[in-house]
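Each remark here refers to the structure printed beneath this line.
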Amino acid sequence: MQLKTLILPIMLTLPLMGCGLVYKIDIPQGNYIEAKQVDQLRRGMSQEQVRFLLGNPMSLDSFNHERWVYLYYFKPGRGEVEQKQLVLEFNNGALMSVGGDYPAPINFDQGL
C-alpha cells in the first residue's frame with residue numbers, strides 16, 4: 001500500500017518535469033544598482049553621501065577601507081545569469097574614481 005502511494009505521485013510529476021512546467025524561482029543577490037543612481041555620483045562626494053545614494057557596499061576591502069565594491073548577481077529561473085560590479089575608490093573619504101561594469105558619469109569630474 002505504501003509503495004503505491006509513493007509511485008503514483010512520482011509517475012505524475014515526471015512528465016511535467018520534462019516539459020519545463022516546474023517553476024524555478026529567480027535568485028537576486030547583492031546590491032541592485034541602476035544606471036541613474038551611478039549617474040548621480042560626482043568626484044569629491046563623501047562616503048556618507050555615496051552610502052545614502054547607493055546603500056552599503058557588498059564588499060569592503062579589509063586592507064583598504066578606501067575601496068568599496070558593489071556586487072550584483074541575478075540567476076533567473078530560466079535564462080542567463082547576470083553579474084554586475086561597481087568599484088568606487090576614495091581618497092581621504094572623498095570619491096575619486098568609478099570602475100567596474102558601469103561607465104563613469106559624464107558629469108563625474110564636475111564635482112559637487
Side-chain angles (χ1 to χ4, degrees):
M1 185 66 177
Q2 290 179 347
L3 185 59
K4 288 181 183 178
T5 59
L6 288 175
I7 292 177
L8 184 61
I10 291 173
M11 296 303 280
L12 292 174
T13 57
L14 281 177
L16 294 176
M17 290 174 62
C19 297
L21 296 176
V22 175
Y23 178 71
K24 295 182 180 181
I25 62 170
D26 296 338
I27 303 172
Q29 294 180 330
N31 302 93
Y32 179 72
I33 298 176
E34 296 180 1
K36 65 181 179 181
Q37 291 173 295
V38 176
D39 287 341
Q40 295 178 21
L41 293 173
R42 299 290 180 265
R43 182 181 304 274
M45 287 179 88
S46 68
Q47 290 179 340
E48 292 80 24
Q49 290 171 321
V50 173
R51 186 168 288 155
F52 179 77
L53 181 63
L54 301 177
N56 289 324
M58 187 71 175
S59 174
L60 288 173
D61 191 337
S62 54
F63 296 106
N64 181 5
H65 296 289
E66 299 283 314
R67 178 184 171 140
W68 290 6
V69 180
Y70 290 86
L71 301 171
Y72 179 68
Y73 175 85
F74 180 71
K75 181 179 181 189
R78 304 207 189 296
E80 296 293 319
V81 172
E82 177 186 352
Q83 293 182 351
K84 290 204 171 200
Q85 177 178 335
L86 174 67
V87 180
L88 302 178
E89 297 283 343
F90 293 88
N91 187 11
N92 293 326
L95 183 61
M96 287 293 123
S97 69
V98 175
D101 297 323
Y102 296 88
I106 297 170
N107 300 329
F108 181 72
D109 289 324
Q110 290 181 357
L112 296 175

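Quick note: numbers below take in every heavy atom, side chains included, and nothing from hydrogens, waters or symmetry partners.
Qualifying side-chain contact (heavy atoms from CB on, under 4.5 Å) partners for Asn64, counting only residues two or more places apart in sequence or in other chains: Asp61, Glu66, Arg67, Glu89. With sequence neighbours excluded, the residues satisfying side-chain contact (heavy atoms from CB on, under 4.5 Å) with Lys75 are Ile27, Tyr73, Val81. In this view, Glu34 and Lys36 satisfy the salt bridge (charged side-chain N to carboxylate O under 4.0 Å, His left out) rule, not counting sequence neighbours. Residues satisfying the side-chain contact (heavy atoms from CB on, under 4.5 Å) test with Pro103, not counting sequence neighbours, are none. Asp39 meets the side-chain contact (heavy atoms from CB on, under 4.5 Å) test with Pro105; sequence neighbours excluded. For Arg51, there are no salt bridge (charged side-chain N to carboxylate O under 4.0 Å, His left out) partners, not counting sequence neighbours. Residues forming a ring pair (Phe, Tyr, Trp, His ring centres under 6.0 Å) with Tyr102 (at least two apart in sequence, or on another chain): none.
In the hydrophobic clustering, Ile106 connects to no other residue, as no ILVMFWY side-chain heavy atoms lie under 4.5 Å from its own. Annotation for Met58: hydrophobic cluster partners, listed by chain and number, are Val69, Leu71, Val87 (ILVMFWY side-chain heavy atoms under 4.5 Å, direct or chained).
Contact check for Tyr70 versus Val38: no side-chain heavy atoms found under the 4.5 Å cut-off.
Going from atom CE of Met45 over to atom CZ of Arg43 covers 13.0 Å, rounded to the nearest 0.5 Å. Distance check, rounded to the nearest 0.5 Å: CD of Glu82 to CZ of Phe74 gives 7.5 Å. Separating the CD atom in Gln37 from the CG atom in Leu86 is a distance of 10.0 Å, to the nearest 0.5 Å.
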In a table with atom names and distances, give each donor-acceptor pair under 3.5 Å that connects a side chain of residues 90-100 to protein atoms at least two apart or in another chain.
none

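Residues Tyr72 and Asn31 come closest through the heavy atom pair CB-O, 3.2 Å.
Counting only residues at least two apart or in different chains, salt bridge (charged side-chain N to carboxylate O under 4.0 Å, His left out) contacts with residues 94-103 are absent. Note on residues 38-60: no pairs pass ring pair (Phe, Tyr, Trp, His ring centres under 6.0 Å), not counting sequence neighbours.
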